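All figures in this text were calculated on a predicted structure; none of them were measured in a lab. Hydrogens, waters and symmetry mates play no part in the numbers below; they use all other heavy atoms, side chains included. A note on names: the letters A, B, ... follow the listed sequences, proteins ahead of strands, and every chain is numbered from 1.
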Protein chains: 2
Amino acid sequence: MDVKLSAGSTLFIEGDKADHLYNISHGCIRIHKLLPDGRRQVIGFLTTGDFLGFAVRDGYAYSAEAVTNTKLCGFSRVKLEHLLQAFPAMEKRLLGIAANELAVAQDQMLLLGRKTAAERLASFLIAFSDRLLKADLPISPIVLPMARSDISDYLGLTNETISRTFTRFRKLGLIELNNAETIYIRDMKRLRRVAGGEEP
Amino acid sequence: MDVKLSAGSTLFIEGDKADHLYNISHGCIRIHKLLPDGRRQVIGFLTTGDFLGFAVRDGYAYSAEAVTNTKLCGFSRVKLEHLLQAFPAMEKRLLGIAANELAVAQDQMLLLGRKTAAERLASFLIAFSDRLLKADLPISPIVLPMARSDISDYLGLTNETISRTFTRFRKLGLIELNNAETIYIRDMKRLRRVAGGEEP
DNA sequence: CGCGCGGTTGACCCTAATCAAAACTGGTGG
DNA sequence: CCACCAGTTTTGATTAGGGTCAACCGCGCG
């Protein structure tokens, strides 16, 4: 079943009954968790081809919102159950996807627990660039669909720190910015070293 | 195939060829990632019954070391493949386990990205307590098998901060410590509120 | 007994957060 | 077309939470 979301709108929120699994046909979705006082952690950004809505218990563990206009393909949980019955090979594929998500999540733990602001932002840019490359999309410039506040909540920082770090990178000749969304990577090698924590 | 590890010894390190999946028969395993300069992020602590060694690519994504003397049951990847062929239901179980791990990892992202030191330590104690409860083990006192440095690297903090926060909790009457390992929770309700970010 | 290691405590520092304001940006309507 | 406004981004000044460095404590072990 197809779902269309316009930028900024909500697909579901944390705790909603998790009756669907979605696959993104086109667009960008942001998933996040909130603390009672409003502090937000963005868990990830999902794009074309990504799955969304794995849930262990009966409720979603996070909220999902559209960053850009997005089209999704939704499978009801019961229908999915039948589908898996019919194509057991799919289960293996889902397991592979979940294991991959897990590895990504663990990388993000390293980032959030131990990396500096510069290392976090560099890692983010590198990951974004690698994702473009793997999707056979043009890799330069990088056009960020999400706001600074989304990036900061993803990296465990504030808007101000993101902004300052961007200008620092600019002054170091690592990147170039036209406007806030459009980024040219000028020194990929050094940016990678920063992302890996090998360079101050 | 059974494996015995004595406290402190290494099961595998990040990048090793991931040819086995393990199930912990008894003991406690710590998994972690390192940055080139030695900064460490502990990804998790695994105990009796937990699985260990899901790997997407051909290498493990983290290192695994024994916290206490540990006994594990190891399945070679090929044998596992056969096992899954024979018992397809097992795949569904593995998927469930992976999805659960993913949810735990996402909670940890919220913790690492947005929680204060006090909230992190409280969350850790609550999670430990809940795990004891779920395993039908005595819940008081909590006996921590791991060192302060393990806890700090798990929570993205330093030993000193962990230590200071323990004494703060002690002074607030939230917990009581006999020695460094043995902890009595004295005000579970407030500790839970701190863990959830609802109390300063 | 004394050594060593892990843990605690103290003094000070630094990174990133907070608070505040200016610069842009895009959209609306006169 | 341009002035205005609201929201986002950038920049600046100051603060604070947790890190770093160092001393001290306490316990187990050779």
- Task: Please assess T47(A) against R131(A) for the test side chain to side chain contact (heavy atoms under 4.5 Å, CB included), listing each intermediate value before the final yes or no.
- Result: CA-CA 10 Å; T47(A) 57; R131(A) 176 178 271 196; 3.4 Å; yes
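- A distance of 4.5 Å separates CZ of F124(A) from CD1 of I151(A), quoted to the nearest 0.5 Å.
- The pair D37(A)-R114(B) fails the salt-bridge criterion, with no side-chain N (NZ, NE, NH1 or NH2) lying under 4.0 Å from an Asp/Glu carboxylate O.
- For L21(A) against G53(A), the heavy-atom pair with the smallest separation is CD1-C, 3.7 Å.
- Here D58(A) does not pair with R77(A) in a salt bridge; the nearest charged N to carboxylate O distance is not below 4.0 Å.
- Counting non-hydrogen atoms under 4.0 angstrom, R170(A) reaches the backbone sugars and phosphates but no base.
- Contacts between residues 148-164 of chain A and DNA chain C, counted as heavy-atom distances below 4.0 Å, involve G156(A), L157(A), T158(A), E160(A), T161(A), R164(A).
- With respect to the salt-bridge test (charged N to carboxylate O, under 4.0 angstrom), the residues R193(A) and E198(A) do not qualify.
- A salt bridge is absent between K115(B) and D107(B): the closest approach of a Lys/Arg side-chain nitrogen to an acidic carboxylate oxygen does not fall below 4.0 angstrom.
- Between the NZ atom of K115(A) and the P atom of dG19(D) there is a distance of 18 Å, given to the nearest Å.
- When the shell of 6.0 Å around CG of L132(B) is examined, it contains more than 12 heavy atoms from other residues, nucleotides or ligands.
- Protein chain B contacts DNA chain C from dG7(C) to dA11(C), reading 5' to 3' and using non-hydrogen atoms of the protein with a distance under 4.0 Å.
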Between N or O atoms, less than 3.5 Å apart, protein on one side and nucleotides 25-27 of chain D on the other: list the pairs.
none

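- Judged by distance alone, with hydrogens and angles left aside, the side-chain atoms of R40(A) form no donor-acceptor pair with the main-chain N or O of D153(A) at under 3.5 Å.
- Put simply, the side chain of I97(B) reaches to within 4.5 Å of the side chain of F54(B), judged on heavy atoms.
- Each of R120(A) and E181(A) lies near DNA chain C, and the nucleotide nearest R120(A) is the one positioned closer to the 5' end.
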